[in-house]
Asks: 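Got a structure for you, written out below as structure tokens; questions coming shortly.
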Amino acid sequence: MARRFVLKKEEPLPAQQELTIDYADALNPQQYAAVTEPGGPVLVVAGAGTGKTRTLVYRVAYLVETGTAPNEIVLLTFTRRAAREMLARATALLDGRCQQVRGGTFHAFCLNLLRRHAPKLGFDRQFTILDAADAADVVDVLRTAKNLNKGEKRFPRKKTLYNMFSAATNRALPLEDVLEERYPQFYDYLDVLHDLRGDYARYKKQHHLMDYDDLLKLSLELFEQDADVRRQVATRCRHVLVDEYQDTNQLQAGLVRAFASVHGNVMAVGDDAQSIYRFRGADFRNIFQFPDQFPETKVLKLEQNYRSTQPILDLANHLIQEAERSYDKELFTDAKPTGDRPAIIPAPDNRFESRFVTQMILQLREQNVPLNRMAVLFRSGFNSYDLEVELNRRNIPFVKYGGLKLSEAAHIKDVLAHLKVLENPMDAAAWNRILQLLKGIGPKTAHDLIEWITSASEDPFVLQERPYSSRYIESLKALFSTLRAARDPKLPLTSQVEMIVEYYEPVCKDKYYEDYPKRLQDLDHFVGLAEAFTDRGEFLASLALDPIELSALEAEELEDDEPPLVLSTIHSAKGLEFHTVFIIHALEGVLPSGYAMNDRAELDEELRLLYVAVTRAEENLFISYPTVQYRRYQGDYLATPSRFIADVPEHLLEPWQLVEEGAPRQLEAADQPDEDTASAPETASTDDDVANLPF
């Protein structure tokens, strides 16, 4: 007789209503579908203002709540700040388990990986990260060593060289393709550039340096060389979530495939219509190729907008329809179904355009719209120069967003170079910067000293007997004395930084005598940043991977003043939103840029740039342009409005006419006010298409 074994009754899986969070109630139907998708490859095409961050936050909570171990969830973003905010929101939504989710940037994720496995690739674990400026300096050293800067024909400068090499790496293209597409004037130098690129790679390896692209490229090489490492990493990535997928480059897309290679659960969230970083290597084709690279991909859409009025969305929908390729989606809103039509304002010249913008800002402010809830957006930084003069004349405080990052400032880079050689004495680029701060030391002497320092088997911070010149020996002794003291392992990081800054202050006063007080304030701020860290390497990596910049939304208000108006390039405004948006200089040759005229892909990106600018607006949108421009040697000429707005129908974009106060008004017999004038902003007296502004 067979022995019987009684199986216990199987407990049912938790029903949706038994979960802690009522996801169906908290999300709209499209968001809910994305959040509760069981697994596999999923592409979420999220239109502007449709709550993609909310969707990702709830997705993290849902995965944790339905049984996925938090440390097996990887959330990849383009800033560490974004990852921290998402995980903080998920933690507040659910519980402390969400803090264990691994969130961060591609570069930070790869840095942690390479710190463990760098020796497999021939690098020391304490390698230094080069930012773009430092990398260009290294290229310049190699360029100069080959005397490439002294030829009869113009040779690319250091920044151009670095951009060439970077584009070839992060776009996974042969160097000749990059030259043909973007730098045809230097194609004759192809063989020389190939050699220089090889020298650059060897130099970095010899001195244990990696640039931003190396973090991604070498991680992929590690996976290709060592299948066990790839499997170990991918096994711990049960669910991979990627934010802003439209901004990934070819290397990042390859990393996503590697991370998801074991479990196959990957959710990419992005908007093809907001891909505007091609100049950084972003490849908008990744979001279209995702279904091909991940078979059986489910494509979901987020189209319900929570930011803008429907008239603004109607304009945005119309604009993106002109793109050569896009996912079919239609932004709509239930919250703001009505509102003023966006306005198009031709101005006689730059001065009139600036007067219109400043006057409208002041009128909106009187209607209780705070200055910092208004933004003026433009294609390039110089487009706002005339406006800045007018704002100063009217005493309107403003902050310009998209400028220099703190860690890119020369005096901060000087201090960072000292910290870098403490961390990696083989960092020749940092040594070169430090040594040339000393009087009496030029490029040749610095090169000789670096050769000695990086080849010495003894302590690199001890001066040996050498025929030093009396021009610099005392300052060299002071430098090495400071470095030895700051390198004390018992010294807290803040004390190390303070010691370096104290040593550097007289150098700063001498080198930047015209504005050193402001720079010394920056150095105080820099010391304060170090207080959040205990490890020097972690501090340096943080500044390299997530540079500190002055955020327009975080700018401290001036004493006894209000938070300032925001001026920003469109690129820097992505991800932000404002009550009122002014888009200025909407001219052919500006937006789109003159460099994009003969390239359909470039033109499409310029169109997406305008789409991003339009979708920053919540309530009011004004697009203006000067009809007359000045060009050196040519004088005044008639400008042409951007092709993107030239033929937009009036039911989507309302034409305004600027009229001087007191100017006679001439009306045709048939020129009568229509019903649309009722929707014009109260900030100006309008009838039909005329805005009477008291200039």
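Note that these values count all heavy atoms, side chains included, but never hydrogens, waters or copies made by symmetry. It should be emphasised that the depicted structure is a prediction, and the values quoted were computed from it without experimental measurement.
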Asks: Can you name the closest pair of heavy atoms from Cys237 and Val74 and give their distance?
Replies: SG-CG2, 3.6 Å
Asks: Can the ring centres of Phe288 and Tyr327 be said to be less than 6.0 Å apart?
Replies: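 Ring-ring flag for Phe288/Tyr327: true, centres closer than 6.0 Å.
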Asks: Can you tell if the side chain of Lys413 reaches within under 4.5 Å of the side chain of Asp134, non-hydrogen atoms only?
Replies: yes
Asks: Are the side chains of Glu538 and Leu493 in contact, using a 4.5 Å heavy-atom criterion?
Replies: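 Result no, sub-4.5 Å side-chain heavy-atom pair not found.
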Asks: Does the side-chain contact (heavy atoms from CB on, under 4.5 Å) test come out yes or no for Val242 and Phe106, once each step is laid out?
Replies: CA-CA 10 Å; Val242 189; Phe106 282 92; 3.9 Å; yes
Asks: Would a 4.5 Å heavy-atom cut-off, applied to side chains only, mark His585 and Phe378 as touching?
Replies: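 Side chain of His585 against side chain of Phe378, heavy atoms only: no contact under 4.5 Å found.
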Asks: Any side-chain to backbone donor/acceptor pair from Asn112 onto Phe109? Under 3.5 Å, distance only.
Replies: no
Asks: Would you mind telling me which of Glu606, Glu181, Glu605 makes a salt bridge (Lys or Arg N to Asp or Glu O under 4.0 Å) with Arg278?
Replies: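 Looking at Glu606, Glu181, Glu605, the match for Arg278 under the salt bridge (Lys or Arg N to Asp or Glu O under 4.0 Å) is Glu181.
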Asks: With rounding to the nearest 0.5 Å, note down the distance linking OG1 in Thr105 to CZ in Arg81.
Replies: 15.0 Å
Asks: Are any of the side-chain heavy atoms of Met426 and Trp431 separated by less than 4.5 Å?
Replies: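 Side chain of Met426 against side chain of Trp431, heavy atoms only: no contact under 4.5 Å found.
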Asks: Would you say Ser261's side chain and Ala258's backbone share a donor-acceptor pair under 3.5 angstrom?
Replies: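 Checking the backbone N and O of Ala258 against the side chain of Ser261, a donor-acceptor pair under 3.5 Å is found.
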Asks: Are the charged groups of Arg231 and Asp228 less than 4.0 angstrom apart, N to O?
Replies: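 Yes.
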Asks: Indicate the atoms forming the closest heavy-atom contact of Thr160 with Tyr183, along with that distance.
Replies: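 Scanning both residues completely, I find the closest heavy atoms to be CG2-CE2, 3.7 Å.
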Asks: In sequence, state the C-alpha distance, the side-chain angles, and the governing distance for Phe223 and Leu255, and then conclude on side-chain contact (heavy atoms from CB on, under 4.5 Å).
Replies: CA-CA 9 Å; Phe223 290 153; Leu255 286 166; 4.0 Å; yes
Asks: Give a yes/no verdict on a cation-pi contact between Arg143 and Phe155, requiring under 6.0 Å between NZ or CZ and the six-membered ring centre and an angle within 45° of the axis.
Replies: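 Here Arg143 fails the 6.0 Å and 45° test against Phe155.
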Asks: Determine, for Asp247 against Lys574, whether the closest basic-nitrogen to carboxylate-oxygen distance falls under 4.0 angstrom.
Replies: yes
Asks: If we ignore angles and hydrogens, is there a donor and acceptor under 3.5 Å between the side chains of Thr169 and Asp213?
Replies: no
Asks: Is the side chain of Glu85 donor-acceptor paired with the backbone N or O of Ala82 at a distance under 3.5 Å, no angle test?
Replies: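 No: the side chain of Glu85 does not pair with the backbone of Ala82.
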Asks: How far does CD1 of Ile453 sit from CG of Asp427, to the nearest 0.5 angstrom?
Replies: 11.5 Å
Asks: What are the two closest heavy atoms between Ala273 and Tyr611, and how far apart are they?
Replies: O-CD2, 3.4 Å
Asks: Taking His418 for the side chain and Ile500 for the main chain, is one N or O donor matched with an acceptor at less than 3.5 Å?
Replies: no
Asks: Please report the interatomic distance CD(Gln225) to NZ(Lys120), rounded to the nearest 0.5 Å.
Replies: 9.5 Å
Asks: Atom CD1 in Ile320, atom CD in Gln274: separation rounded to 0.5 Å?
Replies: 9.0 Å
Asks: Determine, for Lys146 against Asp195, whether the closest basic-nitrogen to carboxylate-oxygen distance falls under 4.0 angstrom.
Replies: no
Asks: Do any N or O atoms from the side chain of Arg433 and from the backbone of Asp137 form a donor-acceptor pair under 3.5 angstrom?
Replies: no
Asks: Any Lys/Arg nitrogen of Asp604 or Arg325 sitting under 4.0 Å from an Asp/Glu carboxylate oxygen of the other?
Replies: no
Asks: Mind checking whether Val266 and Phe290 have side chains closer than 4.5 Å, heavy atoms only?
Replies: yes
Asks: Salt bridge (Lys or Arg N to Asp or Glu O under 4.0 Å), that's the test. Do Asp226 and Arg230 meet it? Break it down for me.
Replies: CA-CA 7 Å; Asp226 196 322; Arg230 180 189 58 77; over 6 Å; no
Asks: Return yes if some donor-acceptor pair links the side-chain N/O of Asn383 with the main-chain N/O of Ser380 below 3.5 Å, else return no.
Replies: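 Flag set: sc Asn383 to bb Ser380 pair under 3.5 Å.
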Asks: Would you indicate whether Tyr595, at its atom OH, is surrounded by more than 12 heavy atoms from other residues, nucleotides or ligands within a distance under 6.0 Å?
Replies: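 Check fails, neighbour count at 12 or below.
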Asks: Could you tell me which non-hydrogen atom of Leu603 sits nearest to which non-hydrogen atom of Ala596, and how far apart they are?
Replies: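 So the two residues come closest at CG-O, 3.3 Å.
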Asks: To the nearest 0.5 Å, tell me how far Glu244 CD sits from Asp271 CG.
Replies: 8.5 Å
Asks: Contact between Tyr245 and Gln252 at the side-chain level, heavy atoms closer than 4.5 Å - yes or no?
Replies: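 With C-beta onward as the side chain, the pair stays apart.
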Asks: Which pair of non-hydrogen atoms, one from Thr297 and one from Pro291, has the smallest distance, and what is that distance?
Replies: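 Smallest interatomic distance, heavy atoms only, reads OG1-CA, 3.6 Å.
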Asks: Parallel, tilted or perpendicular: which fits the ring planes of Phe127 and Phe123, with parallel below 30° and perpendicular above 60°?
Replies: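 Taking Phe123 first and then Phe127, their aromatic rings stand perpendicular (interplane angle over 60°).
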Asks: In plain terms, say whether Arg171 and Asp177 are close enough for a salt bridge, that is, a side-chain N and a carboxylate O under 4.0 Å apart.
Replies: no
Asks: I want to check a possible cation-pi pair here: Lys158 against Tyr162, using under 6.0 Å from ring centre and within 45° of the ring axis as the test.
Replies: no
Asks: Taking Gln126 for the side chain and Asn424 for the main chain, is one N or O donor matched with an acceptor at less than 3.5 Å?
Replies: no
Asks: Just by distance, do the side chain of Ser475 and the backbone of Tyr472 share a donor-acceptor pair under 3.5 Å?
Replies: yes
Asks: Taking atom CG of Leu173 and atom CZ of Arg182, what is their separation to the nearest 0.5 Å?
Replies: 9.5 Å
Asks: For Leu591 and Arg379, which heavy atoms make the closest approach, and how far apart are they?
Replies: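 What the structure gives for the nearest pair is CD1-CD, 3.9 Å.
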Asks: Quick one: does Val42's side chain get under 4.5 Å of Asn265's, heavy atoms only?
Replies: no
Asks: Given the rule in the side-chain contact (heavy atoms from CB on, under 4.5 Å) test, do Tyr200 and Arg202 qualify, once you have shown the distances and angles that lead to the verdict?
Replies: CA-CA 6 Å; Tyr200 176 53; Arg202 285 186 290 274; over 6 Å; no
Asks: Test salt bridge (Lys or Arg N to Asp or Glu O under 4.0 Å) on Lys52 and Asp243 and set out the steps.
Replies: CA-CA 9 Å; Lys52 76 172 176 58; Asp243 189 21; 2.9 Å; yes
Asks: Could you walk me through whether Thr248 and Val256 pass side-chain contact (heavy atoms from CB on, under 4.5 Å), step by step?
Replies: CA-CA 10 Å; Thr248 55; Val256 171; 5.5 Å; no
Asks: Donor-acceptor pair, distance only, cut-off 3.5 Å: does the side chain of His263 make one with the backbone of Thr235?
Replies: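 Checking the backbone N and O of Thr235 against the side chain of His263, a donor-acceptor pair under 3.5 Å is found.
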Asks: Near Arg157 CZ, under 6.0 Å, is it more than 12 heavy atoms from other residues, nucleotides or ligands?
Replies: no
Asks: Kindly say whether Tyr277 contributes a backbone atom to a donor-acceptor pair with the side chain of His571 at under 3.5 angstrom?
Replies: no
Asks: Side chains of Arg487 and Pro425, heavy atoms from C-beta outward: is any pair under 4.5 Å?
Replies: yes
Asks: Measure centre to centre between the rings of Phe539 and Phe526, then say whether the value is under 6.0 Å.
Replies: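 That pair passes the under 6.0 Å test.
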